[in-house]
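See below for the structure under consideration.
Just so it is clear, the structure is predicted and the values come from calculations on it, not from any experiment. One is the number of the first residue; the rest follow in order along the sequence.
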Amino acid sequence: MKPYIYASTLAVAMMASTALAGTYSRTDTGIVVKPDTGTAKEIRLNVISDSIIQVVGVDDPAREQLPSLMAVAKPDGKFTVTDGKGSVTLKAAAASAQVDLTTGRLTFFNAKGQPVLKEVRSAITPVTVEGKPYVATSAQFNPGTTEAFYGLGQHQNAQMNLNGEDIELRQHNMDIGIPFVVSDKNYGVLWDNNSVTRFGNPVRFGLASRDLKLTALDGSKGLTAKYYVDDKLILTRVEPDIRYQFLSDVDKYWPTDPALSKAATTGKKVKVVWEGSATSDTPGVHKMRLFASDYVTMKVDGKTIFDHGIWRMGWNAWYNNFEQTFAKNKPVKLQVEWLPSGGLISLHHSNPEPAADTHSLRFTSEAGTGLTYYFISADSLEGVISGYHTVTGKPPMMPKWAYGFWQSRQRYETQDQLLGVLKTYRDNRWPIDNIVQDWFYWPEDQWGSHKFDPVRFPDPQKLVDEVHKQNAHIMISIWGKFYPNTDNYKELDAKGYMWRRNVELGFKDWVGPGYLNSHYSPYNKEARDIYYRQMKEGLVKYGFDAWWMDNTEPDVRSNTSPEEFAELITPTQMGPGALVHNAYATMNSQAMYDGLKADQPDKRQFILTRSGFAGVQRNAAAVWSGDVVGTWDNLYDQISAGVQTGFSGVPNWTHDIGGYAQETRFQGKDVGGLQENRAAGGTGTAEDLKEWRELNQRWWQFGAFSPLFRSHGEGVKREIHEISPPGSPMRANMVWFLELRYRLMPYIYSAAADAHYESAPIMRGFALDFPTDARGKDVKDAYMFGKSILVAPVTKYQATSRSVYFPAGTNWYNAYTGETVKGGQTQTVAAPLDQLPLFVRAGAILPMGPVIQYVDEKPDATLTINVYTGADGRYSLYEDDGVSNGYEKGKFTRIPFSYNDKTGELTIGARTGQYDKMVAARTFKVRFLKAGDKTTDFDAPAISVAYSGNAVKVKRP
């Protein structure tokens, strides 16, 4: 969206309140306020819709504003302007904003005229970026609030209610920053800034010594560090911090003792132990973070905070949050034991803030041209998310097959391997809709050529055609990464659209001997058009069905410091890289989406991207949680990660079932799926294998109830026939849940339609469906799948039961036993290994179909309509052709269902709409479930109903 610049000729009214008050003028789209004080010399308010108001604060009215990369909406709404005592109010039909003319502070009101968002401070601060003048921006609202906040993208720290949390929005493998937050008071704020942004404390976490006094065992400043090799002490020294956060830190700070060199320690056990104490002169609860990979154990005052369960692979460390109470100047003992194998570790800290600041809504951004955000008001959380879609773009309908099962691997090395796996699934009658070709199908030294290695993939067209003949689809991995010897790099570079710095510095990747590489810059249309045309000439021509856009943070060079990274992603077509730091995934996916939509206007597209940003959903893009690891801890983190992604306006989300990487104790001898730079493992025992299989079985169950059901990982192969023994209970259970996913396809596809038409997340936090239930608002280990099914994944090894909170206001049916539970309480429920705890709310109307091998195998199949008695209920079954864009022209149907519990009558309403190849007449089997009836009794007696599109009533027996 281009910036709106207001000249005096636009003003139709000019008023001044008092000698001390500022002035305002009315414009065609809102008002412009010039307050007396504050860093914003001009505040521009624009009415985007009846319920959305844009705010643009500038320190210099002449400064050209950066075009928005996230917003596509333009001002379009009626409004009134009212002069008050020292203030002015801009009022739309369902939202209004009042501006204090002296201070420029804003208060926002909902449709009822109630104040819901009140600014207490904001700042526009000059900063210099690459020698040019820009501004840093911040704003704080609602100090001391008790409301619940959700959204901000996908994060890996098991956070649900974000009130009181500090979150940095800086794209990273596994971590997706979307500067959009929703409140349980039914409003949202979309912060329109592409730079590194912090929600909560504006001060970035620092190494522990920044705020704390660290004391080593000998009383000196720092921590005592002891380095061991094969349990022999090699070196003892005092270090100022635990500070191996980036590869450059390892280069600078790792001991120079020859016995600790890489050559000397290869194949040996290295251990580092830090000991000492930390003291603060600021009493209270302090936030801390242990950034780590490999095995690490941390104890604070003798209490174990983290143990080996937080293992991560050496090349992709992550943060582990915890809180620690400090009494003034009282030492707290620290002990960290680390077993490095090429990994990273550092300890970070943040001083406590006053409670009113901690519990407020705050955004702080490092660079931009102005302070821009959107206030969105609604009467529900879904309404707020809908407002976000109004501003940034509605998610299109995904093809129906995308909600079937996807099989993937790092990687199918040949086209025969891929086709062989698909054949195995079809031969075993295991449902599948999509198979995935991951990276490195190109010749080794030709990354970015978009060409297949002719030895391993001799006939790409045949590969695609053979997949299609098997009634399946194929997705292929594509990147924004190029080797400089490719023609594609050279073409982009000639236009100035390649980031050259990584190549100029001589940094090589991990493939073979290592190759120079970098990424293209997608920040104008020409660059994106070139990128797509190169893809079209190289890959699109074969007829691939979906596009896996990997490494879209972008990870130009892994494990670099923010300062090093900033150097690698600049310049861009919009200025310094810092200005657009977080927006790469939205712009890169737009390159593919715009090109595909132009060339294939009636085909639904599907893009999977490792990172995301505001607006990414409009590009037919789903996101996944990146290179997570196969630990129980990381499985637990996926639950809140997926729920928050839905709150953030991106409904289609997935994850690597079993985790992308695994500990060597979980690897067998066959690790052909490891990347070329990884060493094989196979150190595990029989007990380790048992745990690995159980972890994957539990993760598979969770995957079956995720928006997208996708098995992927490196090392251990994840196909059913590879990971589960023939005839084993594990294999039977995997197949059972796979078939259950397909039985639920009518329900899942209707939920997907609700994501498009109603902005309803598929994976739902309890606050969406139970807004008055305070106890449910911070539940982070369970969720609603669609609006009827409660899912409570099991995330502990050998657990056969788990505690579940049941939201208030309804009764819940146990899907396996039919037992009913009254909402508003926590119960321990059975969770044997073959069961994922599943509950259905009373009043739910749940359609299910038969087991099918792919989603459109039997479009006229009989559907069972499960009615859960005990409450009234409504449901709308959505159907269309599943593949075309006809739905955009109204080519779809809805069949309404309503159940009256008092009369015991289900009404199947008249069908509305139509589409090509619509099934006009079909059979429904209606099943009224009461306490004790099992949802999983798929062949239970039911009432058969012939339906031809006219209303039908069915009476409960």
Side-chain angles (χ1 to χ4, degrees), residues 66-67 69 129-132 171 173 194-195 439-440 442-451 477-540 547-560 562-595 607 609-611 613:
L66 194 71
L69 298 180
V129 182
E130 297 182 19
K132 297 179 181 180
Q171 312 298 16
N173 186 344
N194 313 309
S195 75
W439 75 305
F440 207 9
W442 49 81
E444 180 182 291
D445 65 345
Q446 292 289 302
W447 201 326
S449 66
H450 311 328
K451 296 177 181 178
S477 169
I478 59 175
W479 298 60
K481 174 180 174 178
F482 297 84
Y483 287 171
N485 63 320
T486 62
D487 291 340
N488 291 336
Y489 179 105
K490 293 172 184 176
E491 181 184 12
L492 287 160
D493 187 51
K495 291 281 190 176
Y497 300 149
M498 285 301 307
W499 287 324
R500 296 176 174 176
R501 191 59 178 153
N502 203 51
V503 174
E504 292 170 348
L505 292 171
F507 282 94
K508 298 181 179 181
D509 66 12
W510 63 92
V511 178
Y515 295 92
L516 296 174
N517 67 97
S518 194
H519 285 61
Y520 91 111
S521 176
Y523 295 104
N524 71 4
K525 186 176 185 302
E526 184 179 41
R528 295 191 295 272
D529 286 349
I530 292 172
Y531 179 81
Y532 173 73
R533 178 179 47 76
Q534 292 175 349
M535 286 290 176
K536 179 180 178 179
E537 293 169 353
L539 297 173
V540 175
W547 305 93
W548 182 2
M549 304 192 80
D550 207 342
N551 190 11
T552 51
E553 296 80 26
D555 188 18
V556 180
R557 189 183 343 133
S558 298
N559 301 310
T560 56
E563 295 75 20
E564 292 170 317
F565 183 73
E567 184 182 11
L568 301 177
I569 61 167
T570 199
T572 75
Q573 300 90 313
M574 299 179 71
L579 298 182
V580 295
H581 184 286
N582 281 331
Y584 195 92
T586 294
M587 294 297 98
N588 193 34
S589 59
Q590 184 176 325
M592 283 301 292
Y593 183 61
D594 286 352
I607 291 170
T609 170
R610 192 170 77 183
S611 188
F613 188 59

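- Closest of all the heavy-atom pairs between I607 and S589 is CD1-O, 3.6 Å.
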Take K481 and D509, measure what salt bridge (Lys or Arg N to Asp or Glu O under 4.0 Å) needs, and give me the verdict at the end. CA-CA 11 Å; K481 174 180 174 178; D509 66 12; 3.0 Å; yes
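- Separating the CD1 atom in I478 from the OH atom in Y532 is a distance of 10.0 Å, to the nearest 0.5 Å.
- Applying the side chain to side chain contact (heavy atoms under 4.5 Å, CB included) criterion to P571, with sequence neighbours excluded, gives no partner residue.
- Here CD of Q590 is found 10.5 Å from OH of Y593. Values are rounded to the nearest 0.5 Å.
- Rounded to the nearest 0.5 Å, atoms CG (L505) and CD (E567) are 5.5 Å apart.
- In this structure, the side-chain hydrogen bond (donor to acceptor under 3.5 Å, both in side chains) partners of T609, at least two apart in sequence or on a different chain, are T552.
- Counting heavy atoms from C-beta outward, K525 and D594 have side chains that stay 4.5 Å or more apart.
- Using a 4.5 Å heavy-atom cutoff, the side chains of M587 and F613 are not in contact.
- The two residues Y523 and A583 make their nearest non-hydrogen contact at OH-C, 3.7 Å.
- In this structure, the side chain to side chain contact (heavy atoms under 4.5 Å, CB included) partners of K508, at least two apart in sequence or on a different chain, are L516.
- Interatomic distance, S518 OG to R500 CZ, rounded to the nearest 0.5 Å: 10.5 Å.
- Between the side chains of Y520 and N488, no donor-acceptor pair of N or O atoms lies under 3.5 Å.
- Residue pairs meeting the side chain to side chain donor-acceptor pair (under 3.5 Å) criterion with at least one member in residues 569-578, sequence neighbours excluded, are E130-T570, S521-Q573, N524-Q573.
- Applying the side chain to side chain contact (heavy atoms under 4.5 Å, CB included) criterion to I569, with sequence neighbours excluded, gives W499, V556, F565, H581.
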M574 vs L69, side chain to side chain contact (heavy atoms under 4.5 Å, CB included): CA-CA, chis, key distance, verdict: CA-CA 10 Å; M574 299 179 71; L69 298 180; 3.6 Å; yes
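- The two atoms that bring H450 and L539 nearest to each other are O-CD2, 3.7 Å, heavy atoms only.
- Between N517 and V511, every side-chain heavy-atom pair lies at or beyond the 4.5 Å cut-off.
- Side-chain contact, H519 with N588: no donor N or O sits under 3.5 Å from an acceptor N or O.
- What you find for E444 and Y483 is that their closest heavy atoms are O-CE1, 3.6 Å.
- With sequence neighbours excluded, the residues that form a side chain to side chain contact (heavy atoms under 4.5 Å, CB included) with Q446 are P443, S449, N485, T486.
- Side-chain atoms of E553 and S558, non-hydrogen and from C-beta on, never get closer than 4.5 Å to each other.
- In this structure, the side chain of R610 does not engage the main chain of D550 through any donor-acceptor pair within 3.5 Å.
- Among all heavy-atom pairs drawn from A578 and S195, the shortest one is O-CB, 3.2 Å.
- For E491 and K495, the salt-bridge test fails: no basic side-chain N is under 4.0 Å from an acidic carboxylate O.
- Taking every heavy atom of both residues into account, S477 and W439 meet most closely at CB-N, 3.7 Å.
- When the options Y489, Y515, W479, F482 are evaluated for a ring-ring contact (aromatic ring centres under 6.0 Å, His included) with W447, the one that passes is W479.
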